[in-house]
Amino acid sequence: MTVQHNYNDFCKPKLNKLLSALKLDKNYIKAEGNYLFTDDGKEVIDFVGGFGVSILGHNHPTLINEMKAALDNRVAINSQCSVRSESANLAQLLNEYIDNGQNYKVNFSNSGAESVEAAIKHAYKVHFDKVRREYERITRILNDFYYKVEREGIDVELPGDENDLIDFRNDLDEYNLNQFESFQKSPVIAGLKGSYHGKTCSPLKVTFNKSYREGFEGLSSIQSAFVDHDKPERLKELVNEMACVFYYPVLVGGKVEIHTLKITRVMAFIMETLQGEGGIKPVPEETLSQLASIHDELKIPFIIDEIQTGCGRLGSIYSYQNTALNAIAPEYITLSKSLGGGLVKIGATLIRGDIYDQDFGILHTSTFAEDDLSARVAIKALELLKENDSELLKRVNVQGGKLLSSLETLQKRYPEIIKNVRGKGLMIGVELTPLRSRSPFFRATGKQGVLSMLVASYLLEYHNIRLLAPLTTMLKGNPGKNRMSILRVQPPATITDEEIDALLTAFTEVLDIIQSNNEYLLVAH
Ligand code: PMP
């Protein structure tokens with residue numbers, strides 16, 4: 001029995017239509033542990049895990065109790081602009097797990113995108129202030145030079161075809177101003193190809209209060225530059241190429257020499273250790289090691305986006321600590337998703353104390369951020385991951401290892417259908433091939449990337465297993481372009497061997513259907 005609902009009328013009509021065509025339009029009315037429950041009575045094993053949120057499973061009883069206790073005690077949720085002790089406790093805990101000798105100031109927010117936004121905004125402010133300071137210094141040097149030469153009547157030989165001191169000064173002044181504005185107009189943020197960091201645009205642009213807006217105008221015209229996974233050294237070139245170059249005169253004997261000061265427009269580099277939305281792609285260890293080795297020399301801050309990889313998903317609180325990146329003390333770390341234990345919406349931006357801008361805590365706030373209720377639940381979620389000698393974190397690697405090796409075995413059995421299996425911890429991707437040697441139906445679906453959704457539909461309909469592919473596979477792509485068809489496997493740490501076996505049995509059934517070109521069976525339901 002399908003229960004009527006009004007999602008189509010009042011929320012997302014197109015998505016509703018697509019979900020309904022794929023029979024994925026379920027209404028989940030209850031969630032517990034590794035299961036979701038539909039309004040028509042189905043119990044579904046959840047291998048999506050809220051796209052990485054529910055490492056602790058749904059509605060963990062300890063978290064519910066914590067939330068209930070907080071509410072029973074009438075926790076102060078809306079006490080903005082006060083000294084918020086639970087957020088401070090959470091911030092302290094997040095610091096304890098870093099253990100690199102640095103102190104991080106933690107800016108809390110309500111979502112992943114917001115915590116990335118805070119990191120970018122802070123990095124922009126720090127970089128902008130630096131560029132402005134240098135521009136002002138260069139302007140002072142230019143003025144001092146001009147007044148000295150003019151006042152003291154020094155006879156100087158100007159460079160190039162310049163022969164008038166005032167023109168010379170004005171030209172340099174204008175040139176330097178243009179350079180300064182070029183940073184303001186197009187600051188750059190560098191990232192890795194395939195990265196994903198959120199979807200919001202900047203509402204600050206339409207915030208009237210000048211104190212909040214002033215100085216951040218350039219944020220709305222950020223340029224991005226992406227680096228290949230196997231060419232991290234390109235980052236060095238980018239930092240060098242995308243720069244403002246200021247000119248200033250130096251008097252050497254009677255001659256005027258033009259010296260330059262170069263400041264990169266690249267204000268930060270942002271990355272995930274394992275790209276989630278980009279197709280479950282672990283960044284190669286060699287790349288991480290090269291990035292770590294050039295970090296100090298680059299002199300630009302690194303934002304390690306641990307929104308999906310952190311808080312347990314890869315078996316630790318901060319995944320970068322298990323990689324070569326642990327050699328550096330990242331300037332920024334962003335967290336969200338599992339931080340809230342799957343129960344509360346919370347994001348955190350950790351900003352290294354030595355670069356922290358003291359005004360930031362006033363300039364960058366949000367109504368719902370930093371509430372004691374979310375902080376209490378997040379503290380409990382972290383404690384659950386760490387309790388009994390990090391039993392759950394260890395389990396992530398054990399269950400993840402089983403899943404990965406079983407899926408790799410399937411890949412070997414069906415190499416024409418499964419292109420690649422990859423991932424770490426409980427963040428695993430199964431990439432399907434474009435199915436060139438299959439029937440026209442499978443070739444078409446394979447090419448468009450829709451196949452993964454058909455597989456998801458089958459698993460849900462016949463096996464009560466929830467697995468999904470990125471939603472973008474459902475949008476119209478560029479004609480002729482192959483779309484990646486990838487299934488993301490991100491169950492909770494509590495996933496059992498039996499549940500993993502259920503997935504493998506069901507998945508094998510679908511692979512057999514595709515192997516035998518039996519498209520009817522895949523779409524018949
Ligand atoms: N960064 C990463 C690495 C993510 O995976 C996501 C969400 N998938 C985000 C940022 C954005 O988080 P949110 O959806 O909560 O805005």
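Counting convention: from 1, in listed order, for ligands and their atoms alike.
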Identity and distance of the protein heavy atom lying nearest [atom]:
atom                    : value
atom 9 (C) of ligand 1  : Tyr196 CE2, 3.7 Å
atom 5 (O) of ligand 1  : Gln308 NE2, 2.7 Å
atom 15 (O) of ligand 1 : Gly112 N, 2.9 Å
atom 1 (N) of ligand 1  : Asp305 OD2, 2.7 Å

Task: Residue Gly198 vicinity, atoms of ligand 1 by number, heavy atom under 4.0 Å - done: 10 (C), 11 (C)
Task: Residue Glu272 vicinity, atoms of ligand 1 by number, heavy atom under 4.0 Å - done: 3 (C)
Task: Lys/Arg-Asp/Glu bridge criterion (N-O < 4.0 Å) met for Glu277, Arg488 - done: yes
Open item on the list: Under 6.0 Å between ring centres: does that hold for His295 and Phe269?
Closed with: no
Task: Cation-aromatic face contact Lys121/Phe216, 6.0 Å, 45 degrees - done: yes
Open item on the list: If I apply the N/O under 3.5 Å rule, does Lys337 come out as touching ligand 1?
Closed with: yes
Task: Steps toward side chain to side chain contact (heavy atoms under 4.5 Å, CB included) verdict (Ile465, Phe47) - done: CA-CA 7 Å; Ile465 286 175; Phe47 277 90; 3.9 Å; yes
Open item on the list: With the threshold set at under 4.0 angstrom, would you say Phe51 reaches ligand 1 through any of its heavy atoms?
Closed with: no
Open item on the list: Given Gly52, Ala113, Ser109, identify the one with the heavy atom nearest to atom 11 (C) of ligand 1.
Closed with: Ala113
- [ ] Determine the interplanar angle of the His122 and Tyr332 rings, folded into 0 to 90°, and report it as parallel if under 30°, tilted if 30 to 60°, perpendicular if over 60°.
- [x] perpendicular
Open item on the list: Side chain, backbone, both or neither: which applies to Lys199 and ligand 1 if a contact is any heavy-atom pair less than 4.0 Å apart?
Closed with: neither
Open item on the list: Can a side-chain donor-acceptor contact be found between Lys14 and Asn16 if the only test is distance below 3.5 angstrom?
Closed with: no
Task: Non-hydrogen side-chain atoms of Ile222 and Val188 separated by less than 4.5 Å - done: no
